Amino acid sequence: MGAQISFKSKGKHGDHEARIVKRKLLLEALAQELPQGTIRFCSKVVSIDESNYFKLVYLDDGTIIKAKVLIGCDGVNSVVAKWLGFKTPVFTERSAIRGCANFNLGHGYDHKLLQFFGNGIRSGFAPCDDKSIYWFFTWICNTPDKKPEENPANLKQFVLNKLENAADQHLRTVVEATELDNIVSSPLRYRHPWELIWGNISKGNVCVAGDALHPMTPDIGQGGCAALEDGIVLARCLAQALKKQVIVANEERDKEEFKRIEIGLKNYASQRRWRSFQLITTAYLVGFIQQSDGKLLNFLRDRILVKFLAGVLLERADFDCGNLNNIS
């Protein structure tokens with residue numbers, strides 16, 4: 001079963017603006033906006049401790065960082081999320097291979113998502129720009145303990161073999177054009193959404209954001225977008241909490257700031273709790289239905305649910321998290 005989704009449509013907040021962005025370019029653009037030395041690269045958090053109104057963050061190189069606010073953006077295997085009481089994200093029994101193909105003379109495809117699903121496989125591709133295309137291939141994998149294949153040549157051949165008899169060969173052509181350095185694989189994990197209802201998104205002067213908060217399957221393309229939403233909401237909540245300067249003795253100042261930070265992070269958590277729950281749940285269900293190999297579910301999907309599923313991607317993206325104009 002195949003489907004095309006055009007990104008040129010209107011939502012309740014105006015025209016949709018969909019972009020396929022390379023992670024490396026996005027990270028570089030964000031990092032360039034920060035003062036030099038702000039980011040400590042190649043650092044891994046190993047443990048967290050408390051010191052009065054501060055947190056002590058221990059890194060694997062022996063460094064100890066004293067933090068007034070600790071925001072855990074440390075990914076799916078977040079140490080900060082574990083400290084807050086969240087469980088390790090669970091394996092969905094699905095794995096994914098992703099790649100990016102470059103066409104120096106242009107690829108000629110419209111700005112649409114073309115995807116194929118059913119029989120235990122979900123795959124597709126969408127242009128990043130006029131000369132590059134992002135593609136994905138997910139399949140059911142019931143061996144979470146088995147070490148995943150990391151050799152890009154083997155990964156590429158695996159996908160090509162699976163697509164050999166596909167009715168539409170466009171994806172196979174794109175995969176064939178992909179350089180080995182641009183192919184990666186990973187198991188798909190997610191957080192049980194009910195954990196967000198009862199769990200601590202924030203505690204004191206600690207919170208989580210991004211994949212540390214809402215690890216989800218990639219089926220609606222909202223993981224990175226949700227992380228950017230987190231950043232806007234978090235910045236607004238913290239700025240509102242700290243914009244009034246306290247002029248008191250050091251210990252009293254630390255206590256007062258801690259209380260205001262705690263209130264700001266609670267506000268952030270309340271704003272992101274339902275949105276994160278909704279995204280994780282929707283992504284899991286969309287992937288489960290689209291990739292199903294069961295006859296009954298396939299029949300319902302192909303006859304009844306196909307239009308609904310195609311529209312969910314844009315519907316979930318049609319969200320306004322507000323702006324930063326009201327924090328000065």
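Computed over heavy atoms, backbone and side chain alike; hydrogens, waters and symmetry mates excluded. Residue numbers run from 1 in the order of the sequence given. No experiment lies behind these values; they were computed from the predicted model shown.
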Without hydrogens or angle criteria, can the side chains of Arg98 and Ser186 be said to hold a donor-acceptor pair below 3.5 Å? yes
Return yes if some donor-acceptor pair links the side-chain N/O of Gln271 with the main-chain N/O of Val233 below 3.5 Å, else return no. no
Is there side-chain contact between Ile183 and Ile97, with heavy atoms separated by less than 4.5 Å? yes
On a heavy-atom basis, the closest approach of Cys100 and Trp135 is N-NE1, 3.9 Å
In terms of the angle between their ring planes, are Phe137 and Trp139 parallel, tilted or perpendicular, with boundaries placed at 30° and 60°? tilted
Does the side-chain contact (heavy atoms from CB on, under 4.5 Å) test come out yes or no for Leu234 and Leu265, once each step is laid out? CA-CA 7 Å; Leu234 180 58; Leu265 295 186; 3.6 Å; yes
If we ignore hydrogens and angles and just use 3.5 Å, is the side chain of Arg94 paired with the main-chain N or O of Phe288 as donor and acceptor? no
Verify, without hydrogens or angle tests, whether Lys156 (side chain) and Thr178 (backbone) share a donor-acceptor contact under 3.5 angstrom. yes
With the 4.5 Å side-chain cut-off for hydrophobic clustering, are Val46 and Phe86 part of the same group? no
Gap between atom CD of Gln36 and atom OG1 of Thr38 - 0.5 Å precision: 9.0 Å
Minimum heavy-atom separation for Leu188 to Ala96, with atom names? CD2-CB, 3.7 Å
Give the cluster check for Tyr53 versus Trp83: same hydrophobic cluster or not, with ILVMFWY residues linked at side-chain heavy-atom distances below 4.5 Å. no
Roughly how far apart are Lys162 NZ and Leu171 CG, rounded to 0.5 Å? 14.0 Å
Main chain of Asn267, side chain of Ser270: is a donor-acceptor contact present, judged purely on distance under 3.5 Å? yes
Which distance, rounded to the nearest 0.5 Å, do you find between the CD1 of Ile65 and the CG of Leu70? 9.5 Å
Are Val79 and Phe54 in one and the same hydrophobic cluster, where Ile, Leu, Val, Met, Phe, Trp and Tyr link if side-chain heavy atoms are under 4.5 Å apart? no
About how many Å separate OG1 of Thr217 and CZ of Arg122, when rounded to the nearest 0.5 Å? 8.0 Å
Using atom types as modelled and distance alone, determine if a side-chain donor or acceptor of Asp74 lies under 3.5 Å from a backbone N or O of Val80. yes
Please report the closest heavy-atom contact between Leu196 and Ser276, naming both atoms and the distance. CD1-CB, 3.5 Å
Working to the nearest 0.5 Å, report the span between CD of Gln222 and CE of Met216. 7.5 Å
Tell me whether Arg275 contacts the main-chain N or O of Glu229 through its side chain, where contact means a donor paired with an acceptor under 3.5 Å. no
Can you check whether Leu59 reaches Val45 side chain to side chain, under 4.5 Å on heavy atoms? yes
Please say whether more than 12 non-hydrogen atoms of neighbouring residues, nucleotides or ligands are located less than 6.0 Å from CG in Asn151. yes
Check for me, please, whether Trp274 and Trp198 land in the same ILVMFWY cluster - side-chain distances under 4.5 Å, paths through other members count. yes
Closer than 3.5 angstrom, by distance alone: can the side chain of Asp129 be matched with the main-chain N or O of Lys131 as a donor-acceptor pair? yes
Contacts of Phe125 meeting ring-ring contact (aromatic ring centres under 6.0 Å, His included) (sequence neighbours excluded), chain-then-number -> Tyr109
Could you report the tightest heavy-atom contact between Ile201 and Leu84, atom names first, then the distance? O-CD1, 3.6 Å
For atom NE2 of His170, is the number of surrounding heavy atoms from other residues, nucleotides or ligands below 6.0 Å larger than 12? no
So, does Asn205 use its side chain to make a donor-acceptor pair with the main chain of Lys68 at under 3.5 Å? yes
If you count the non-hydrogen atoms of other residues, nucleotides and ligands that lie under 6.0 Å from CG in Leu105, is the total more than 12? no
Asp49 side chain vs Leu56 backbone, donor-acceptor pair below 3.5 Å: no
Which residue, Asn104, Ile20, Asn102, forms the side chain to side chain contact (heavy atoms under 4.5 Å, CB included) with Ser132? Asn102
Shortest non-hydrogen contact from Gly264 to Ala241? CA-CB, 4.0 Å
Taking all non-hydrogen atoms of both residues, which atom of Leu279 and which atom of Ile220 are closest, and how far apart? O-CD1, 3.8 Å
How about Glu176: does its CD atom have over 12 heavy atoms from other parts shown lying under 6.0 Å from it? yes
Using the side chain to side chain contact (heavy atoms under 4.5 Å, CB included) rule, pick out the option among Leu238, Ile71, Asp230 that qualifies with Tyr268. Asp230
Between the side chain of Arg172 and the main-chain N/O of Leu160, is any donor-acceptor distance below 3.5 Å? yes
Please round to the nearest 0.5 Å and tell me the distance separating atom CD1 of Ile64 and atom OG of Ser47. 8.5 Å
Following the transitive rule for hydrophobic clusters with a side-chain heavy-atom cut-off under 4.5 Å over Ile, Leu, Val, Met, Phe, Trp and Tyr, establish whether Phe158 and Val174 coincide in one cluster. yes
Just wondering, more than 12 heavy atoms not from Glu33 lying within 6.0 Å of its CD? no
